[in-house]
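For reference, the structure is listed below as structure tokens.
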Amino acid sequence: MKKILKNAYVLMSADADIKKMDILIDDDIIVELSDQMYIEDKEKIEDKYEIYDFTNKLIIPGFINTHTHLAMSLFRGIGDDLTLQNWLFNEMFPREDLLNDDLTYYGSLVSILEMLSKGITTVVDMYLFMEGTARAVKDTGIRAFLTRGLGYDNDDGWKRRIDETIYLFENYHNKYNIKVGFGPHAPYTCPMNKLEEISELAKKYNTFTTIHLYESVNEREMYSIQEIEKTGLFKNNVIAAHCVHVDEEDIKIIAKNEVTVAHNPSSNLKLGNGIAPILKMLEHEVNITLGTDGAASNNTLNLWEEMRLASLLQKSNGPEKFKTEEALRMVWENGGYALNEKIGRIEEEYKADLAIIDLNNFEFYPIDLNRLKSHLVYSPINKVYATMINGEWVYYDGEYPKLKESDYSGKFHKLYFDLEKKFKKSKGE
Ligand SMILES: [Zn+2]
């Protein structure tokens with residue numbers, strides 16, 4: 001049935017003004033926006049439409065989280081004070097050796113539910129045991145771009161991971177709101193000839209690629225962006241996470257190849273990697289988006305906090321250097337552009353991916369149309385009122401209407417404690 005969202009304030013895009021508007025949604029698409037939707041006889045209308053009165057609510061495009069590892073909510077709170085290499089090789093990788101599809105299902109489920117409650121409607125993920133994650137996506141309704149993380153240890157291991165990617169592509173691509181791409185973990189875990197192979201595969205399957213790039217400073221000694229460019233990888237649609245330690249020459253290559261950068265300010269600070277040169281990249285017109293990274297290095301999946309932090313960090317160069325709208329573009333339009341989807345704006349013919357905010361949150365006082373954009377970026381709330389994806393409610397007033405699983409918390413915790421027990425045993429503790 002068609003839906004009419006009435007009497008709400010609407011912010012259509014980062015650069016628009018907030019206006020009172022009604023939104024008509026047919027199936028998964030926004031079909032009409034109007035100052036005052038024509039209302040015929042009330043009875044007739046209720047047969048044909050579901051009507052929602054959103055007086056004193058603000059409707060915004062759903063947020064796009066372009067870098068995370070969903071199942072890592074299982075590892076939230078591990079290794080708070082470690083460097084990236086220490087954290088990754090001593091705490092994460094040995095635990096990841098113990099994962100299975102059941103663990104990644106519940107880890108991903110918990111992450112997705114957290115994100116839906118915060119108005120995040122699209123997510124780009126890279127991890128392992130991705131069938132578990134794909135099942136969690138299917139059960140919650142989030143829009144997801146999934147990749148099986150790829151690293152090279154030996155020929156057999158590499159082949160197995162490529163086969164898992166192809167399996168995921170053949171079984172989940174363009175189904176259940178999922179797109180499947182390629183996820184080479186990083187140039188220090190994937191040698192250049194393997195990146196070449198991936199660039200050919202991404203072309204063959206006509207899909208996106210995502211990779212960690214220059215996250216930590218010591219990566220500058222391990223590879224160069226010039227080398228990666230030669231592999232042909234950047235000819236595909238690529239989202240590069242982090243890019244904290246890029247210099248001006250690197251930025252020129254990123255800009256020339258239209259590589260999107262996923263900026264993850266909390267994770268970069270928590271792991272002590274530094275602050276990405278966002279203003280420099282913007283000067284070169286690089287498409288910048290925002291990511292939370294995994295819950296193991298953030299520890300929340302709150303894109304509101306990332307917007308605020310990204311803005312404050314860049315303002316350390318001068319408050320006029322980074323505008324409120326710039327932060328909003330990073331969670332909306334820039335993400336839609338990176339993923340080549342009609343998302344990140346409220347516009348006719350765009351996907352009905354929306355977040356509804358109750359303006360009766362103290363964070364949003366005073367409720368003054370001229371100030372709401374500032375509240376969005378600088379006064380983050382913890383939960384939205386409702387979240388819609390593809391025209392369907394996936395979160396509404398504290399509930400998850402699509403979710404059938406009721407004991408996800410019990411199952412998540414049981415699997416988590418079993419995993420920790422095994423991890424301790426494997427270390428001989
Ligand atoms: Zn990451």
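Indexing begins at 1, ligand by ligand and atom by atom, following the structure's order.
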* **Ring geometry between Phe63 and Trp304 (parallel below 30°, tilted from 30 to 60°, perpendicular above 60°)** =>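 Plane angle over 60°, so perpendicular.
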* Asked: Does any donor atom in the side chain of Asn334 or Arg329 lie under 3.5 Å from an acceptor atom in the other side chain?
  ->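 Side chains of Asn334 and Arg329: no pair found under 3.5 Å.
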Let me check something: any side-chain donor-acceptor pairs from residues 377-386 under 3.5 Å, sequence neighbours excluded? List them with distances.
unit_1, atom_1, unit_2, atom_2, d
Ser379, OG, Glu363, O, 2.9
Asn382, OD1, Lys118, NZ, 3.0

Greater than 12 external heavy atoms within 6.0 Å of [X]'s [atom1]:
| X | atom1 | result |
| --- | --- | --- |
| Tyr337 | OH | no |
| Asp407 | CG | yes |
| Glu320 | CD | yes |

* Asked: What protein N/O/S atoms sit under 2.8 Å from the Zn ion (ligand 1), by chain and number?
  ->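 Per the 2.8 Å query on the Zn ion (ligand 1), atoms found are His67 NE2, His69 NE2, His212 NE2, Asp293 OD1.
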